[in-house]
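Each chain gets a letter, A, B and so on, in the order its sequence line appears, and its residues count up from 1. What you see below is based on every heavy atom in this structure, not just the backbone, and it leaves out hydrogens, waters and symmetry mates.
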Amino acid sequence: MFSVKNKTANMSIAIPLLEKKARQLRATCVQMAHDGKEGHLSSALSCMDLLVGLYYHWLRIDPKNPKDHKRDRFIFSKGHACTALYAVMADRDFFPKKWLYRYAQNDSPLPNHPCKHSLPLLECSSGSLGHGLGIGTGMVYGLRLDGVDARTVVLMSDGECNEGSVWEAAMFAAANKFENLLAIVDYNGVQAVGRSDQLMGYTSLEEKFKAFGWNALTINGNNLNEIIAALDTFPFEKGRPSAIIAKTTAGSGVRFMEDQVLWHYRVPSDEDLKLALEELKEVAIHLEEV
Amino acid sequence: MRKAFVETLTQVAAENSRLIFLTGDLGFQVFDNFRERFSSRYINVGVAEAQMICAAAGLALEGWRPVAYSIASFATARAFEQIRISVSYPNLPILVVGAGGGYTYAASGVTHHAADDLALMSILPGMTVVAPGDSNEVAALLPELLQLPGPSYIRIGRYGEPSYYANEPAVLGRARLLRDGERIALVSTGDLAVPVLEALEVLKADDIWPIAYQMHTVKPLDTTTLDQLSQRVETIITIEEHLPSGGLSAAVNTWRTTCEKSIKLLRLGPVDAFALGNLERNELRHRLGYDAEAIVKTVRSLWDKLK
């Protein structure tokens, strides 16, 4: 079902279902943020379609054998958006859905920045931006020496690309011709207290990655057709790492949250939750289960 | 020390096929032999310390045993947050190597001084921190560090430091007795064992016999030996090429807060300031009062008072 070999069949059957899945998981994020009283919702919603494309279509991972040496490595470098990661992992049965009730609670396996000590399933902890791509390059180097044909994917935020370490890693990846490395930038345009375009001097992320020796393409990162088409083209070029610049809308899927710096931090009130769920026309996956 | 480092590293790499070496574009000609023998396990990441540490973390997560090498100031301070988050927090078995620790590169200016490396590394949970005093200590301790389940830091010097003899071998985590004696204990780290031994030779002529320990392992601190020492001496003098905060003397001072017996601590070492003036290292040690002469003077005046 999750094979990447039969691309056409996979795509034509899956997309409307995947879109429904993405709405369900967005509802899950809003519920978790509301119950856990932790924000970062707009960052979670913006990357949800990317996560759905990865986890339901592209990543070679097996919840029954999550540490299989041949698995694709997925690094969720924008750790602050972890409600999205937890929701999709629970839905793919990497852990029980009822754990989502414990998001951001004391002693939870799901803290408000992912911690590998709490959730050993993770490839690494995240929360401090600019680490994921560098760690990913180390993994690719090690996997290549071991002759393991696994792919490594790093999901970053556009604000994260302010960090110089991202570009140190980008240079290293190109110098070592890491064809098995995919960086995805969730380009939602909104940072903690500003707009990423303004802070990056209105320069192109795609051009930057290309200048660093990558092959890169820009897509609508809230469109599952485009996401899956891009993923299926990987690797974009022989001998180069690939980057997807996924233009997304912060808070995507919930209109009153969309493209608002406010919703980077704000915790949804009871009223916000009600309105969001009405618009998504779905309920959280962990509530359904009870 | 660097020769001993690369020779020992090459030996370990021959036995352990998972050992992998990363450099932040430093060590010109030092690693040529290693690189020839293990080309795929030699990685020059470029002048990119953050990347060196993150890549090391990724390699460790895939079951490799990375050794990340740069000049001490860059290996520690420049990449501090990467070491904190991607090495110490996940407790990965990565060895960070700071070449030219302390004021090895005194005359190169403040940018190349690393008199804060032990503090930066010691403050990280789970980190083992080592400052050997000579080539023999490097050769003895390095294989032990490369067996640890968690992260470690080693401060090494340059080339041609004098070697010294001690009755005991260097064992990771254990203070190494250089000379036994009485009443006063000298506790050094790094290559300050050398001026300590020079000082002992001078003091011997005056029939002054302090105890001397080399505390090559700064963390975890050998508190067992310190506890025993506290029963035997009234004063411990620490000698370090490190700022007052966070180095050996600070660690010993923290130990003292747990010590039942009242014991006097003295410290010889640099003051809390950038070392300006492009001084040559020995001159710097002389002016800041932690060379052999200063050690002799301090011990002599204390010894007289104790009489």
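Proximity of a side-chain donor or acceptor of A/Glu168 to a complementary backbone N or O of B/Gln51 within less than 3.5 Å is detected. Remark: side-chain polar atoms of A/Tyr86 are paired, donor with acceptor, to backbone N or O of A/Pro111 under 3.5 angstrom.
Contact annotation for A/His117: only side-chain heavy atoms (C-beta onward) come within less than 4.5 Å of a heavy atom of chain B. Contact of B/Glu81 with chain A is made through backbone and side chain together, with heavy-atom distances under 4.5 Å. Heavy atoms of B/Ile53 lying under 4.5 Å from chain A are absent altogether.
Between A/Arg144 and A/Glu179 there is no salt bridge, since none of the side-chain N atoms of the basic residue sits less than 4.0 Å from a carboxylate O of the acidic one. Between B/Asp222 and B/Arg174, no side-chain nitrogen of the basic residue sits less than 4.0 Å from a carboxylate oxygen of the acidic one, so the salt-bridge criterion is not met.
Note: B/Val45 leads B/Ile20, B/Leu22, B/Val45 in heavy-atom pairs under 4.5 Å with chain A. For chain B, the option among A/Thr137, A/Asp146, A/Val166, A/Leu143 with the highest count of heavy-atom pairs below 4.5 Å is A/Asp146. Between chain B and the options A/Lys116, A/Glu123, A/Arg73, the largest number of non-hydrogen pairs under 4.5 Å is found for A/Arg73. Listed options A/Gly164, A/Ser128, A/Gly130, A/Gly132 were ranked by heavy-atom pairs under 4.5 angstrom with chain B; first place goes to A/Ser128.
In this structure, CZ in B/Arg78 is found 11.0 Å from CE in B/Met52, a value given to the nearest 0.5 Å.
Heavy atoms of other residues, nucleotides or ligands lying less than 6.0 angstrom from NZ of A/Lys67 number more than 12.
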